[in-house]
Amino acid sequence: MRNHCPHAWHQQQHRGRMWAASPAFRRRLFLLRSLSPSPCAALPGNAACSSSPSPSTSIRVNAMSASGPVYEADAEAVVRRITPPLDRARHKGQAGKIAVIGGCREYTGAPYFAAISALKVGADLSHVFCTRDAATVIKSYSPELIVHPILEESYSVSDGERESVSSRILTEVAKWMERFDCIVVGPGLGRDSFLLDCVSNIMRHARQANIPTVVDGDGLFLITNNLSLVEGNLLAILTPNVYEYKRLVQKVLNCEVNEENASEQLTALCQKIGGITIMRKGKADIISDGKTVTQVSTFGSPRRCGGQGDILSGSVAVFASWARHFLLTNEYPTEKSVNPMMLGCIAGSLLLRKAASHAFEKNKRSTVTTDIIELLGKSLEDICPAGLLSSTSKIILNEMPGEAIKQERASEG
Ligand SMILES: NC(=O)C1=CN([C@@H]2O[C@H](COP(=O)(O)OP(=O)(O)OC[C@H]3O[C@@H](n4cnc5c(N)ncnc54)[C@H](O)[C@@H]3O)[C@@H](O)[C@H]2O)[C@@H](O)CC1
Ligand SMILES: Nc1ncnc2c1ncn2[C@@H]1O[C@H](COP(=O)(O)OP(=O)(O)OP(=O)(O)O)[C@@H](O)[C@H]1O
Ligand SMILES: [Mg+2]
């Protein structure tokens, strides 16, 4: 009879209002808004699209897409939501341990950029697994990185040694693997066939150990020629640039990139590779996991200096592991429909773009990747100030926009 009692009805209403006002409800809403599926994105070829987004959501429609809108992610809300508080009770490692697999004779900048960006975003430890030639150079860039000189290229291994060297490399990396929250495969890896075979083994091992894996740069060259390395791995994220995307589309979909149906094609690509997450980099970063499509198009910088993709892959690794941890520890009833890999891409893309914008403001045409890395901290601080966060206040404060937190901090003196 409880339901017939007017007092009970009022209580229910009151409880409903309390729930709607609660941080938990708003948190859920934020994430759902950020990841609301594009009505056009569900099926490849589904170009008909007439529905518009609810006016109550903060999602903007990108009218540039000829075949239908791709919704802009509420990326600031995502960053605020998944960034963990700086809590005095936490110990080293709890904010994330990242490893970059990359770095060879030719490229030492790319793995450095990815690994140092992971630290600057907020991870506690950042490792690099690279060749011996590259290791000393990378160590000299920064004492913050833990550098393992274990990879080998064909020129340094005789035919007879290959098997034993390959198995030694895997054993060495496997020792560390369980500790990592995410690995980034590919920045500055090079394309040596023996080295890529060894990295394939590392990727298989990471997959068995359920370690999220961001694949970028030469890692994309590797997987484009061996799709089974990522096929069906829901913890894999690919971050192709315009050329890497073109090669992937040609290989997987057997056609050319179609700008008219960009979101449908990206969705089809994700589905064809078994529901992995792909962030197609460009003027807008378009992100899909084969079920939903969203984009981040906040203006960054007109400078296209090399290395910005490396910052992105390191940042995405940190945010993806934070998002995964966040969803696991906050008992989301909707967690199955919120993909932490997509949240990681959204957050990483926004942060890189904000940092690139600040760096360009300061350095104009001479902006280089190092300038952008230096501004990752300020950019995150603008969105999600570190000083006020604590384990007890994180939810309330995290609900507030960065500006409001700053004002509150100022009024507190
Ligand atoms: N400082 C460093 O050490 C850097 C190293 N990098 C590494 O360099 C390696 C190669 O990456 P890249 O992005 O340079 O890849 P690619 O070697 O595929 O491309 C090099 C450049 O060639 C051109 N290109 C490639 N394919 C093309 C096509 N189909 N049509 C027309 N032009 C085309 C583009 O200008 C492209 O940026 C990766 O391991 C990457 O991580 C980059 O991340 C940049 C910074
Ligand atoms: N035309 C563009 N306009 C605005 N931003 C862009 C444009 N192209 C790329 N970006 C931004 O730059 C970032 C890096 O993308 P880019 O295509 O340069 O990667 P990349 O080629 O892999 O870089 P890297 O030199 O590190 O390998 C992306 O997140 C994207 O946000
Ligand atoms: Mg790249």
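Excluded from the calculations below are hydrogen atoms, water molecules and symmetry mates; all remaining heavy atoms, backbone and side chain alike, are included. Both ligands and their constituent atoms are indexed starting at 1 by order of listing.
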Heavy atom of the protein closest to [atom] (residue, atom name, distance):
{"atom": "atom 27 (O) of ligand 2", "result": "D310 OD1, 4.2 Å"}
{"atom": "atom 13 (C) of ligand 2", "result": "L352 CD2, 3.5 Å"}
{"atom": "atom 3 (O) of ligand 1", "result": "A110 N, 3.0 Å"}
{"atom": "atom 12 (O) of ligand 2", "result": "R304 NH2, 3.4 Å"}
{"atom": "atom 15 (O) of ligand 2", "result": "K281 CD, 3.7 Å"}

Look only at the side chain of [X] and the backbone of [Y], and say whether a donor-acceptor pair between them is shorter than 3.5 Å.
{"X": "Q265", "Y": "N258", "value": "yes"}
{"X": "D371", "Y": "V368", "value": "yes"}
{"X": "N226", "Y": "L222", "value": "no"}

Check each atom of ligand 1 against the heavy atoms of [X] and keep those under 4.0 Å away; list them by number with element.
{"X": "R247", "answer": "18 (O), 26 (N)"}
{"X": "G307", "answer": "44 (C), 45 (C)"}
{"X": "L189", "answer": "39 (O)"}
{"X": "N241", "answer": "13 (O)"}
{"X": "D310", "answer": "41 (O), 42 (C), 43 (O), 44 (C), 45 (C)"}
{"X": "G186", "answer": "39 (O)"}

Worksheet item: Think K139 forms a cation-pi with Y141, using NZ or CZ under 6.0 Å from the six-ring centre and within 45 degrees of its axis?
Response: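 Relative to the ring axis of Y141, which defines the angle, K139 lies outside at least one limit.
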Can you check which of [options] brings a heavy atom nearest to [atom]?
{"atom": "atom 26 (O) of ligand 2", "options": "G348, G309, G306", "result": "G309"}
{"atom": "atom 17 (O) of ligand 2", "options": "D216, L220, N241", "result": "N241"}
{"atom": "atom 29 (N) of ligand 1", "options": "Y243, Y107, Y112", "result": "Y243"}
{"atom": "atom 41 (O) of ligand 1", "options": "G217, G102, G188, C104", "result": "G188"}

Worksheet entry | Proximity to ligand 2 by part of D285, non-hydrogen separation under 4.0 Å |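 Side chain only.
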Worksheet item: Should the proximity of V242 to ligand 2, defined as any heavy atom under 4.0 Å, be assigned to the side chain, the backbone, both, or neither?
Response: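 No part of V242 comes within reach of ligand 2.
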Does one side chain, of [X] or [Y], offer a donor that lies under 3.5 Å from an acceptor on the other?
{"X": "T277", "Y": "N339", "answer": "yes"}
{"X": "D181", "Y": "S321", "answer": "no"}
{"X": "E72", "Y": "S297", "answer": "yes"}

Fill in: Test item: V185 and I202 side chains (from C-beta on) under 4.5 Å apart, heavy atoms
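Side chain of V185 against side chain of I202, heavy atoms only: no contact under 4.5 Å found.
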Worksheet item: Do V184 and V316 come within less than 4.5 Å of each other through their side chains, counting heavy atoms only?
Response: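 Contact flag for V184/V316 side chains = no.
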Worksheet item: Between G109 and ligand 1, does any nitrogen or oxygen pair lie at a separation below 3.5 Å?
Response: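 Right, the criterion is met.
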Would you call [X]-[Y] a salt bridge at under 4.0 Å N-O?
{"X": "E144", "Y": "K120", "value": "no"}
{"X": "K92", "Y": "D124", "value": "no"}
{"X": "R353", "Y": "D285", "value": "yes"}
{"X": "K281", "Y": "D216", "value": "yes"}
{"X": "E231", "Y": "K272", "value": "no"}
{"X": "E172", "Y": "R168", "value": "no"}

I'd like to know if [atom] has any protein heavy atom within a distance of less than 4.0 Å.
{"atom": "atom 19 (O) of ligand 1", "value": "no"}
{"atom": "atom 22 (O) of ligand 1", "value": "no"}
{"atom": "atom 14 (O) of ligand 1", "value": "no"}
{"atom": "atom 11 (O) of ligand 1", "value": "no"}
{"atom": "atom 24 (P) of ligand 2", "value": "yes"}

Worksheet entry | ligand 2 contacted by S349 (non-hydrogen, < 4.0 Å) |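 No, that is not the case, since the closest heavy atom of the residue is not under 4.0 Å from the ligand.
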Worksheet item: With a 4.0 Å cut-off on heavy atoms, is G307 touching ligand 2?
Response: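 Judged by the 4.0 Å heavy-atom criterion, G307 does count as contacting ligand 2.
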Worksheet item: What part of R191, side chain from CB on, backbone N/CA/C/O, both or neither, has a heavy atom under 4.0 Å from ligand 1?
Response: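 The part of R191 near ligand 1 is the side chain, not the backbone.
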